Amino acid sequence: MKLSITTVQYLELEENQMLVRSDVRNSWAHCNFDEWDTIKYQTAFQLLHQLVRCLQLSTADEANIVAELSKWEKNGFMFLQGYAVDLQVVTEIRQQTRALADYSLKMKSGFDSTFKEVHESLLKINEEITLACSRISSIESNQNKQETVIGNLNEGVSVLYDRTLVIQRVQTQHGMMIKEHNSVMASINNNVEILKAEMNLRQKKNYMPMSRPSGKTFFYPPNRPESFVARETELDKIKDICICNSNRNHTLVICGLGGCGKTTLAIEFAWRSQQFYPAGVFWMSAETQDTLEDSLTTLAIEVNTTGKDFRVTFKKTLKWFSSLNDRWLLIVDNVDEECLSDNTKELLVGTWKRNTRGHFIITSRREPNEIEESMAVKFKDCISLNVFEAQEGLNFLKRRTGKRLDDENGTVITLVEELGGLPLALEQAAAHIKSIKCSFTDYVNKFEKKRLKLLKAAPSVMKINKDRLAIATTWQLNIDYITRQSENEGLGSAAVTIMEIASFLFAEDIPKELINIGSPHVKDRDLVEVLEDEMGCRQIIEILTRFSLFQRVNDSSLSVHRLVQEVIRENIQGQRRSLLLHHALRMLKKALDSNQSPMDILYNDHLRKTERGSLVQWSKFAANTNAIKVYVFNLKKEENPEHQLFFDNEMLKVLQTTALYNSIHQRQAIALADQEQMVRIMTTLSVDTKSYNDLTRIKIPLLQNDRKTLLECLVSVIPVENEEILNSYSSVISRAETFRSLGNEAFKEQRYQDAIRYYTEGIRSCPVENIDSRFFSNKSLSYIRIRDFEHAFLDANRCIEIEPDNWKGYSWKAYAVSGLIKAGLFPPTMQAMGLASACIASNKYPQCLLEYNMKICYPIIYYKIVERPECLRQEIMSLFDRPYTTLMLRKGRYVFNEPLITTKSIQVIGIEDGVEFDTGQIFQICCTPEMFTDDVEPEQTINTHFENINFVSGNQITVNKNSVATFYKCSFGNGQKGCEAATKCTGNVGCINPEKCKQAYQESLFVSWSVPLGQAGYAGIGVYDSGIAYIDSCLLNRCGGGGVLSHGKGSLIDIRNCTVQKMRQMGIEARDGGAVKVTKNNILENQSHGIAIGPNGYGYIKENIIQENGAEGIWCGGILDSNESPQMNETGASRVVLIDNHIGQNGLSGVSCDGGFFEIKGNRIFSNHLWGMMVKTRSSAYILNNEIFDNKCGGIRIGHNYTASVIIDGNTIKDHIGPGIYTVNSADSLYNKLPMNKERFYVGDGEILGYSQPPIITSTNFLRNNEKGMQHPNDVVRLVEACGYCRRVSQNLKACSKCKKATYCSKKCQTKHWLRHKHMCKLLNSSYVVKVLMSETEPNHLGAPPTQRDPRMFHTRTFNPKLKGILEGIPPDRKSCKRFIVKIQAGKEYGFNDPNQKLIVYDQTVTLDIQFANPTLYHLCMECGVLAGEKCTVKKIFCWASFKNNGKTLCFYIDNLPPFQTW
């Protein structure tokens, strides 16, 4: 026996050595580096690990070698991902080479010269590496010299730039003179001409506000400051740096204290340098991640790069930036967050900008040293701004105030020194002086007096910051004058109150609609009287902007500097702060009530309005609501006995809004806490049924479909500044025509980007139901001119959809297809699509064939119109028609009663909607030589194209060897049907084999895992034996089995832009050598996997939405023979690349890797029923830069994986009920715990049963808020609790015995509150209690006596020794209503999402031990429960329960969960 084992080990070792020699050593030695992709690299290291395991070394030696292998595997991985190889790695390579040379010399014998030769060769290699290191140093030195030379050469460019500016000033002067002459001539014109001119001017203003430079389409900086002085040196430095890097990307940072003028300097440079950046000047705010997303999304809408979510939008917009040929400038303002988000890092330092001509200017409060580390910007590119020197401050104040005389220079310098030279303070002082027209001396005297008062009022003079005091003093002078001015203009204290309220709002964007009388009215008579009149609101805004405390963002919003907000808040204390917050809440409620809300979008049938941008205003209100909530709750923590709690209807509205806002932005913990707080406050108020339903109807977290609907209404509109509201239909059409005319002018002048922008604005100006197709036609041609064939193709298709008879749409589409093929974005076989479009264009407008481009792209065009359905089969199978004939079909049903087999290349197009095919028993696309005669030579490869065809019934369409089929804008519902409820078939209605399915279902009840059930059908399209199919923009809906199948070596399906939904089995499948390329599809609601790759399948899966499928979103593997067998299939390993997919809400895990080689990068994997990702059974995987969140069991689970390596790098893994990353260690492996005979398990070549290599988890992964199923909400967000009657704040309140929500400090308070609370108590009681009739339950089989157990049941009813307290305690009394704790356990291991499956429920003593089905409790357990047992998929939760009706009813209370139990 011992000899046998040794023989087996030797054979395994020998086989593994041969694999390493052939697949690793020889391949590497022959330098076939084109073969060494990620998957090849994974395979090599897996073989090396297997070889080490087979050598049977000592534990210490094996551990050392494995550690060394893992280190080099990680180094190589970092290199493959584009990380720079540092000198340490190069040095280590030198050391290893030297050590190998010494070893070879040591091993040589006296009679053998081979080792000596090897030694000499290795020494030469070592010398070459040393020489390479010296060359690197020399290259760096030469590069530095070249940069110096380039810097000298660029001095001439600087001179040219200065001359350009001079020319620009002269042109401006000439332009002014021309304007004067034009104004004189205009005065002579008659009134009609004047009115026409005014109308034209108004129309142009709608697109190009006066603040923008004329003719500059992409120009987004804020309005230019009125006075800019004292920063000319810094401005010149920025200019010089940009000129030196005029033809490459470059980043510089303007840094300094808050209020020192960073943003102003950036704005001034943007305005001065607009001509230097012909591609555009762009502006983004990065104060928070939210503001950055808003800025980028707004730009994305304007340049047509919006995506399905922000991640897609972000990448498409960066790609658009990188495609700009001319110079452009992007200013990113207020990059002050302590930790930069991933998006901010990618925007600022990402590799996407490597080959662009873009310049970046960043403003930040960071220190230069910190900037150098966090933003990879060199110290020399940091422009540090200090406060103004005396002379600079003097110049600024004189220019800003308009006082040019020198008689008060000394006083002005004194004022500058007193204000510490801080530009923000100087701006406020200048605004005051200019507004009240006082002298500098008078202002300084006022300033000294006011500062002295502030110092006396301060609690500690030593703690006052000088800059802060300067701001506070100038602010106080302004506020004093605003108070007096407000009184003089009849506004009372209204202006001051609004200013104070605004200090608690969102600084970047305060909508004017928030300045209102409140709902109910605010408790301020002056404010109500003023704001009841719209003119009063305008007066307040005019006063506040007059003194530079506020700035106008546009006609509808204001902004305020954050530092000004801080100073204002510091001066508001006690009851005044509480009163102002009350005012703000009422104003917010009125604004929210007066505008469209998410409730209207989702539920209100009368007000439902889901146009893009219909919730933009709500989102602005919500941002302000979210900001003020922080101050409201902070107020409650202050020890101020006189303040009042904000327990009112306004606070309910605010909390509902913030809960929705945070849930939309995926901040679910905060959203849930807001909702919980809202419910608590409701218990203290008299809320009627309607209000209660309105507040609680939208559940948190939002359902994915609801969130998607709301996002579409939030982020898909461009705000047009100074836009007049045009209500009449004719006015809308006139405005759209204006944009089309402007676009046509730009096109004639070859300003194609501007033309595209005008056409886009015109499209948005048209009514959705009446868009002019010429916009899309013209835009498509503009894209063709700039060689953006991808967008040209999309717009041409849109033109055809709107106007099917528009020949231009078909022509431009044909050109776009030809361009996409030449660019490598379409395969050559898609030429058939272009040819088909050219045929349709020529049919509608024959003269288009005379166009030069048409002759070049499609020199031969031949088509027929098939008038009768019965002729179609004959036309397709005819041996004598020329290849590449295009058959055009009119509306009708075409039935193929006899087999159809293609004989030549052909295009089949439905030129009318409603062309339907019944494919019959055989619909085969193949090259069949035996069908041809000696006189007819068959084509080597048959190319077929089908467009606008509905395959409504019949058998599978098969594509075989030497055949290529393309399908465009077709729909498929064909294929031989399987069971209707496949994967869960019980043999009932819709089953095609009831007897077999019923038997399989009964057998499945007695196993502890889920198995798929039902008879399989056939896919709509099957590709076999090296056939190829391209499927684009098609709908595959409810085919007989799956959607598409690629089977056999060399078979390929390329499917893109399609919807694959509601299949009885998999949506897309590849196996047994077949491959699929899946791009930009919606793969939804299929009964099995969304995509299945394996066994031995190949897949490239990118940018798809894969949601709500019954099993895994993506399953790939096949190394096991079947679900029931533990035997490994060595040839079953699959190879898959997953990039940038959205994989969510699937019935099992998001991604399951079951043997093979996988690269999983940039995906969003979320809200799946089990794990985000399962990796097991010898799966080598690189898991990179994915966002994995909110999956019900956990983030990534690494199961028993043998020697396969897993590298987890740069992922964001957050918000999981279970672990972020869970790894099954070798010692914990299930195989090591099996009591059965392990010899029946075949583990594969070079593997050892029970061994599992640990994954490499780098430090760049971000894990947050995982294991949240074991956390109490109070640990996340502290909730404010108060007595429902007297409002006393306490942490020791008693809850209402019925609803368990309302809390009281005493019995007396509860009694007094009952009349108001009893209605709410009933609502809460019905909402949060689940009742189960005991007659509908059954004993738990696992707990039943042996005589009652089913003989087929696999019995494993044992309790883990770690469960302390199980089988102890007091049994529950069925006749009592006393509450007790029960454990609810849901689901089989790796079971489908089935709310009707039976739950196991028992108490601590196991006296109550039952099972029953209840969807509500199932949902509770899966959403909030924790993993049980092996940390796989079974979940458990503890819940309060009690008996009612003498034990006939068991009630579960799901509002609050008990503490986590140890039993």
Side-chain angles (χ1 to χ4, degrees), residues 704-705 708 951 956-957 970-985 990-992 1010-1023 1031 1034-1047 1053 1055-1071 1074 1076-1094 1097 1099 1101 1103-1118 1123 1136 1138 1141-1152 1154 1163 1165-1170 1174 1390-1394:
Q704 185 64 21
N705 288 337
K708 181 180 179 181
F951 296 90
Q956 183 183 79
I957 300 170
C970 297
S971 66
F972 301 86
N974 58 308
Q976 184 177 333
K977 291 181 172 55
C979 292
E980 285 294 322
T983 71
K984 297 181 182 179
C985 183
C991 180
I992 63 173
S1010 292
V1011 294
L1013 303 169
Q1015 190 79 17
Y1018 285 82
I1021 302 174
V1023 179
I1031 309 168
C1034 294
L1035 171 64
L1036 293 94
N1037 182 52
R1038 201 65 179 164
C1039 294
V1044 298
L1045 168 65
S1046 177
H1047 182 280
I1053 293 178
I1055 179 169
R1056 61 181 67 196
N1057 305 313
C1058 295
T1059 297
V1060 184
Q1061 64 184 17
K1062 299 180 181 179
M1063 299 298 165
R1064 293 171 173 84
Q1065 293 168 289
M1066 282 76 78
I1068 298 172
E1069 185 179 7
R1071 63 173 185 250
V1076 292
K1077 183 178 181 182
V1078 188
T1079 311
K1080 296 182 180 179
N1081 301 282
N1082 292 324
I1083 303 167
L1084 314 169
E1085 301 178 34
N1086 300 291
Q1087 291 173 195
S1088 184
H1089 313 297
I1091 300 175
I1093 310 295
I1101 304 167
E1103 297 182 13
N1104 302 278
I1105 293 178
I1106 305 167
Q1107 287 185 222
E1108 301 181 48
N1109 297 287
E1112 283 90 357
I1114 300 175
W1115 176 87
C1116 36
N1123 288 334
V1136 183
L1138 308 176
N1141 300 283
H1142 288 212
I1143 308 167
Q1145 297 179 325
N1146 296 289
L1148 296 177
S1149 295
V1151 178
S1152 180
D1154 284 351
N1163 302 280
I1165 305 172
F1166 59 94
S1167 301
N1168 294 287
H1169 182 63
L1170 300 179
M1174 295 274 283
Y1390 216 73
F1392 293 104
N1393 181 15
D1394 183 7

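Computed from a predicted model, the values in this text were never measured in an experiment. Along the sequence shown, residues carry numbers from 1.
- Scanning for side-chain hydrogen bond (donor to acceptor under 3.5 Å, both in side chains) contacts around S971 gives N950, with sequence neighbours left out.
- N974 places a side-chain N or O within 3.5 Å of a backbone atom of G1020 that can act as its donor or acceptor partner.
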Donor-acceptor pairs are to be reported for all side-chain atoms of residues 975-983 against protein atoms at under 3.5 Å, with residues two or more places apart or in another chain.
unit_1, atom_1, unit_2, atom_2, d
E980, OE1, R1038, NH2, 2.8
E980, OE2, R1064, NE, 3.4
E980, OE2, R1064, NH2, 2.5
T983, OG1, Q1087, O, 3.2

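- For Y1018, the OH atom sits in a loose shell: 12 or fewer heavy atoms of surrounding residues, nucleotides or ligands are nearer than 6.0 Å.
- The main-chain N or O of H1089 is never found under 3.5 Å from a side-chain atom of E1112 such that the two would form a donor-acceptor pair.
- With N1104 contributing its side chain and N1141 its backbone, the two residues share no donor-acceptor pair below 3.5 Å.
- Looking at residues two or more places apart in sequence or on another chain, you find a side-chain hydrogen bond (donor to acceptor under 3.5 Å, both in side chains) between Q1061 and N1037.
- The two residues V1078 and I1083 make their nearest non-hydrogen contact at CG1-CD1, 4.0 Å.
- The number of heavy atoms from other shown groups lying within 6.0 Å of NZ (K984) is above 12.
- Side-chain atoms of N1163 come within 3.5 Å of backbone N or O of L1138 as a donor-acceptor pair.
- Here S1149 pairs with Y1390 under the side-chain hydrogen bond (donor to acceptor under 3.5 Å, both in side chains) rule; sequence neighbours left out.
- When atom types are taken as modelled, the side chain of N1082 and the backbone of I1105 share no donor-acceptor pair closer than 3.5 angstrom.
- Checked against side-chain hydrogen bond (donor to acceptor under 3.5 Å, both in side chains), R1071 has the following partners two or more places apart in sequence or in another chain: E1069.
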